[in-house]
Every structure is written in C-alpha cells, then in structure tokens.
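Just so you know, ligand 1 is whichever comes first in the structure, and atom 1 is the first atom listed for that ligand.
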Amino acid sequence: MKTVVRTDERILSSDIFDRDSRVKRPDHGQWAEPGKDIPIYHRCGVLVVGGGPSGTAAAAAAARAGANVALLERYNHLGGLSTGGLVIWIDRMTDWEGKLVIRGFAEELFDRLPADAIAGPSPDDWGSQDTGKAAHWSQRTAAYHGIVTWSPTVDPERLKLLSQEIVLERRVKLIYHSWAAIPIVQDGAVKGVVFESKEGRMAIMADVVVDATGDGDLFARAGADYVNDIEEADVHHCMNTSWLFGGVDMNRWIEFKAGQPERFTAFMAQGRAQLGLFERPFVSWRNEIALFMGPRQSGYSPLDVDDLTAVEVRSHRAMAAHLDYYRAHAPGFEQAFMMLSAPQIGVRHARRLSGVGSVLRSQWPDGVALADEVGVTPAVSPKFPNISIPYGALVPQKLDGLLACGRHISCDRNSHGFMREIPQCWITGQAAGVAAALASQQRIAPRAVDVDALQTALLEQGVFLRPRARGPAHSQPAAEATANA
Ligand SMILES: Cc1cc2nc3c(=O)[nH]c(=O)nc-3n(C[C@H](O)[C@H](O)[C@H](O)COP(=O)(O)OP(=O)(O)OC[C@H]3O[C@@H](n4cnc5c(N)ncnc54)[C@H](O)[C@@H]3O)c2cc1C
C-alpha cells in the first residue's frame with residue numbers, strides 16, 4: 001500500500017493498494033471467426049457510443065444543435081460511472097474564486113434535478129474562505145484548500161432518469177442493452193459501428209461517431225493513435241467497484257472523524273492492519289447513506305477481462321469486510337447494511353487519444369485561452385489559473401469521422417487527474433456533440449469544423465468560454481484572449 005497526499009498537483013489524498021499476483025492465462029489455440037452480412041439497424045447523422053456523463057452530454061448537445069442523433073449504451077441507464085458506477089460526488093465546477101466555469105449541460109442538469117437529490121453548499125457560499133464554512137464543507141466533499149467549492153453529491157437514480165428524459169425530449173434515438181463491438185472504417189474514416197445485442201449482430205451507419213466509451217474502444221479499434229502511460233503518484237489509474245452502505249448516521253461519523261483526530265487515526269491504522277484493503281467513507285446526498293469509492297487498486301488493466309473480474313471479486317469482498325469492521329468500530333455505522341455495490345466497475349483510466357491538440361501540464365501555469373477553446377476547467381489548486389480545453393483534444397491526429405470525449409480525450413497523464421472528472425466529461429461531451437452536429441450538417445470531416453462556428457454554438461448552449469480567441473490552428477495559445485479572461 002502507498003498513500004497519495006493531496007498537493008497542488010493532486011485532487012485527493014488516498015491509499016492505493018497493489019494488485020494480487022497474476023495467473024498467466026493458458027493458450028487454448030485459435031478459432032477462425034467466419035464473416036457474414038448483417039442487417040443495418042439504423043442510419044443517423046451523429047452516433048454517440050457510451051451513455052456516461054460525456055456521451056449523454058454529447059447526445060443532448062448534438063440534438064439541440066439540430067442533428068439526427070442515436071445514443072448506444074451497453075447498460076440499462078444513462079450516466080455511466082456518475083450513476084451506475086456510484087461516483088455520485090461531482091467534482092468542482094467552480095474555480096477558486098467561486099465562479100461557475102462548468103456550465104452548459106451541467107447547469108441544465110442541476111437546474112432540473114429535484115432539490116432533495118442534491119447535497120452541497122448554496123451559491124452564496126461558493127468561493128467563501130470563511131473558516132467555519134470551509135471546515136463544515138471540507139468534511140462534505142465541497143471545500144479544499146480552505147475554499148468552499150461547488151462539488152455536490154447527487155442521487156444517482158434521479159440523475160439517471162433526468163439524463164434519459166433530456167435526450168428523449170430532444171428526440172435522440174436511445175438504444176440500451178447494446179455493446180458496440182467494432183467501428184466500421186472505410187478510406188480512413190469511421191462510418192458507423194457494428195454492435196451486439198440480444199438480437200445478435202447489427203450495424204448503425206452515421207456521418208460522425210462520437211466515442212464516449214471512456215476506454216477509447218472505438219478509436220483504438222479504428223486504428224487511431226493513443227497513449228496509456230500513468231502517473232504512479234496519483235490515483236488516476238486505480239480501479240475499484242464503489243458501494244453504498246445504508247442505515248448510517250454520517251453526521252455522527254463526521255463528529256468522530258473531525259472531533260477526535262487521534263481516535264480516527266487509530267481507527268484507520270487498525271482498519272488497514274486488519275483488512276488489508278481499507279477505505280474511508282464519503283458523504284452522499286443523504287445523511288443515512290455512506291459512499292465508498294475505494295479501496296483504490298493499482299496494477300490492473302480495465303482492458304483485461306481477468307483483471308476486471310479480479311477487481312470485482314476483491315471489491316465485493318472488501319465491501320463485506322468493511323461492513324463488519326465499521327459496524328464494530330465506527331460511530332454512526334452501528335446499524336449499517338450493504339445497500340448497493342455499483343453495477344458498473346470503476347475504471348478511471350484505460351487509453352487516452354493522441355489528438356490534434358491536448359491538455360498539458362505545461363499549460364497549467366499560464367492561464368492562456370487557446371484559440372480553439374471549447375471549455376474551461378478549474379485547476380487542481382488555487383496556485384494555478386483556470387485551464388483551457390482545446391477542440392484539438394477531441395480530434396484524432398489521423399482518423400476521420402470520429403470525435404472523442406470524456407475520460408479518454410487527449411491529455412497528458414498529469415492533466416488526466418482532473419480531465420477525467422465528471423464535470424470535465426460533461427464539457428468535452430457537449431463540445432464533441434455540437435462539433436459532430438456541425439460536421440454532419442455540413443458534410444465535412446470533424447477536423448474541418450469551423451472553430452468560430454463551434455464556439456458560437458457552444459456559447460448559445462450556455463457553455464462558459466473566455467473572450468473569443470482567433471488563431472489559425474488548433475490549440476495555439478491566443479495571447480490577446482488571456483488579457484481579457
Ligand atoms: C471509483 C471512481 C471514483 C471517482 N471519483 C470521482 C469524483 O469524486 N468526482 C468526479 O467528478 N469524478 C470522479 N471519477 C471520475 C468519473 O467518474 C469518470 O471519469 C467519468 O464518469 C467518465 O465519464 P465518461 O463519460 O468519459 O465515461 P464513463 O462514465 O465510464 O461512461 C462510459 C459509458 O460508455 C458505456 N460503454 C463503454 N463501452 C461501451 C461499448 N463498447 N458499447 C456500448 N457502451 C459502452 C459504459 O457502459 C458507460 O455507461 C471517479 C471515477 C471512479 C472510477
């Protein structure tokens with residue numbers, strides 16, 4: 001086990017646990033799969049594959065921009081890890097001054113979620129450095145570095161339902177229970193996908209495919225370049241299945257954790273010694289429900305079915321062991337019960353696209369608004385200004401007919417620490433959706449989309465962008481925009 005400490009470079013302090021030993025898979029030989037003709041199930045302008053935060057935002061935004069859109073998802077709900085993965089703590093959407101910079105689709109969601117489905121500070125307190133408020137919210141996912149931030153927890157069922165209703169209102173063709181198997185590529189451009197369902201194998205043809213699978217399944221299989229290097233000293237590469245305990249009293253737990261630091265330290269030390277894999281809870285949207293987004297496990301591949309299985313097995317066992325330990329030793333957990341383990345395994349990182357542009361660590365200090373800015377992300381700490389997200393980070397270097405969004409966009413491993421977070425996935429999803437709609441309507445490749453027109457359409461959809469930067473190429477810094485930012 002190693003402990004990651006929150007710094008100016010890292011969002012979270014957390015323990016990381018190494019993998020169990022690996023058993024080599026035996027070689028059972030080959031089976032030659034025969035080719036065959038398959039039915040075309042649907043034709044559309046924009047096909048979004050993956051209904052996580054980024055895919056939902058992409059489909060909703062593309063439809064709002066007037067495209068004929070289909071959204072394909074392997075499970076029975078939308079929201080991806082933010083719902084089915086029980087990642088119900090939505091990270092910071094305000095910058096360190098309290099200004100809301102994650103807007104557009106994100107704002108629409110929070111405007112429409114029922115009030116009792118959200119727990120977080122009121123807008124009046126965003127950016128507050130009041131010691132009492134910061135101390136209160138630091139125990140409840142919404143204050144870091146002594147500053148109150150908009151980073152609430154939400155009810156996953158409400159988020160699933162709202163996400164679904166938004167895309168249906170916009171006449172998106174929603175297809176659940178379907179696994180995109182392979183991209184259809186002709187002359188260097190993606191033209192659709194072949195998917196598997198209970199009906200067997202069928203195809204969907206599209207002008208533009210948005211890869212929102214989180215793992216880059218489609219761009220990788222279509223032959224686009226990608227990277228998968230990791231930052232060992234961060235949690236961004238760890239996997240685990242999250243879970244919820246019901247029947248708890250989180251206010252009592254917080255009183256213990258914050259009010260008796262020595263006893264809390266002893267509790268954690270004993271837990272690590274007794275259980276091996278050990279994790280502390282986070283608050284949820286309700287006092288009686290505790291959220292566990294660990295123990296974070298390192299050294300497993302989300303692209304290896306044996307590793308995925310191993311992480312599930314370890315996480316389910318950890319859940320049961322935690323229940324016993326917390327019931328016996330944790331104030332507020334005496335009546336706890338196993339409410340739900342996440343239906344979707346928690347994968348933070350698999351592949352990252354090699355894009356025309358990128359979000360880079362070298363960019364953090366300068367605060368420059370890039371010429372092709374399609375969104376703005378708060379920085380990891382108050383030490384850095386807001387960071388520009390370029391359109392080029394969604395566009396493959398060579399492959400046409402496809403855009404990427406979400407946790408597999410083009411960025412370096414340090415920037416992945418925050419570009420993978422849910423708010424940033426909503427931002428890149430919305431940008432990919434609008435760009436795909438423009439490309440489809442104008443019958444052009446996504447890389448040829450006019451950045452001016454894209455930024456205008458994003459502003460119309462309520463996305464926060466800095467004063468307009470104009471430059472000839474993707475991801476070129478626009479100095480004059482910074483002066484106005
Ligand atoms: C344990 C854990 C804790 C985290 N903590 C936080 C946090 O506190 N705050 C925060 O903001 N973020 C957090 N994150 C990060 C965040 O949850 C994810 O990075 C984010 O949800 C990624 O969104 P996405 O749309 O890119 O992908 P995903 O949420 O992974 O969604 C991808 C969707 O695509 C579908 N899909 C994949 N492949 C296919 C296919 N071939 N065919 C059809 N459908 C497919 C999946 O079923 C899924 O629904 C955490 C992540 C994990 C794992």
[atom1]/[X]: more than 12 non-hydrogen atoms of other groups inside 6.0 Å:
{"X": "R112", "atom1": "CZ", "answer": "yes"}
{"X": "R286", "atom1": "CZ", "answer": "no"}
{"X": "R158", "atom1": "CZ", "answer": "no"}
{"X": "E165", "atom1": "CD", "answer": "yes"}
{"X": "E199", "atom1": "CD", "answer": "no"}

Worksheet item: Can you find a side-chain donor-acceptor pair between Q461 and R64 that sits under 3.5 Å?
Response: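 No pair is found: no donor N or O on one side chain lies under 3.5 Å from an acceptor on the other.
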Item to complete: Check whether the side chains of S178 and S197 place a donor and an acceptor atom closer than 3.5 Å, and report yes or no.
Response: no
Atoms of ligand 1 close to [X] [distance to a heavy atom under 4.0 angstrom, numbered from 1]:
{"X": "D91", "value": "9 (N), 10 (C), 11 (O)"}
{"X": "P423", "value": "11 (O)"}
{"X": "A212", "value": "32 (C), 33 (C), 34 (O)"}
{"X": "G50", "value": "33 (C), 34 (O), 35 (C)"}
{"X": "G52", "value": "25 (O), 31 (O), 33 (C), 49 (O)"}
{"X": "D217", "value": "38 (N), 41 (N)"}
{"X": "G406", "value": "26 (O)"}
{"X": "W179", "value": "41 (N), 42 (N)"}

When you measure from [atom] to every protein heavy atom, which one gives the shortest distance, and what is it?
{"atom": "atom 1 (C) of ligand 1", "value": "R348 NH2, 3.1 Å"}
{"atom": "atom 25 (O) of ligand 1", "value": "S54 OG, 2.8 Å"}
{"atom": "atom 35 (C) of ligand 1", "value": "E73 OE1, 3.2 Å"}
{"atom": "atom 18 (C) of ligand 1", "value": "R420 O, 3.3 Å"}
{"atom": "atom 29 (O) of ligand 1", "value": "L81 N, 2.9 Å"}
{"atom": "atom 6 (C) of ligand 1", "value": "V87 CG1, 3.2 Å"}
{"atom": "atom 10 (C) of ligand 1", "value": "E421 OE1, 3.2 Å"}

Min N/O separation [X] to ligand 1 under 3.5 Å:
{"X": "R74", "answer": "yes"}
{"X": "G346", "answer": "no"}
{"X": "R407", "answer": "yes"}
{"X": "G79", "answer": "no"}

For [atom], which candidate among [options] provides the closest heavy atom?
{"atom": "atom 37 (C) of ligand 1", "options": "T213, V347, L72", "value": "T213"}
{"atom": "atom 41 (N) of ligand 1", "options": "A180, C238, G214", "value": "A180"}
{"atom": "atom 7 (C) of ligand 1", "options": "F195, Y75, W89", "value": "W89"}

Worksheet item: Given Y300, which of I345, D18, D307 fulfils the side chain to side chain contact (heavy atoms under 4.5 Å, CB included) condition?
Response: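 Single side chain to side chain contact (heavy atoms under 4.5 Å, CB included) partner of Y300 among I345, D18, D307: D307.
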Worksheet entry | Closest non-hydrogen atom pair, D116 against W285 |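 Distance-wise, the nearest heavy atoms are O-CD1, 3.5 Å.
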Worksheet entry | Closest contact, heavy atoms only, R221 versus A181 |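 Between these two residues, the closest heavy atoms are NH1-O, 2.9 Å.
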Discussion item. According to side chain to side chain donor-acceptor pair (under 3.5 Å), who are the partners of W364, at least two apart in sequence or on a separate chain?
Written reply: S415
Worksheet entry | F105 backbone acceptor or donor facing Q430 side chain under 3.5 Å | yes
Worksheet item: Short question: side chain of D15, backbone of F278 - any donor-acceptor pair under 3.5 Å?
Response: no
Practice prompt. Using a 4.0 Å heavy-atom threshold (strictly under), name the region of S151 that reaches ligand 1: side chain, backbone, both or neither.
Written response: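 For S151, there is no contact with ligand 1 at all, from either part.
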Item to complete: State whether F219 and R351 meet the cation-pi test: NZ (Lys) or CZ (Arg) under 6.0 Å from the six-membered ring centroid, and within 45° of the perpendicular axis.
Response: no
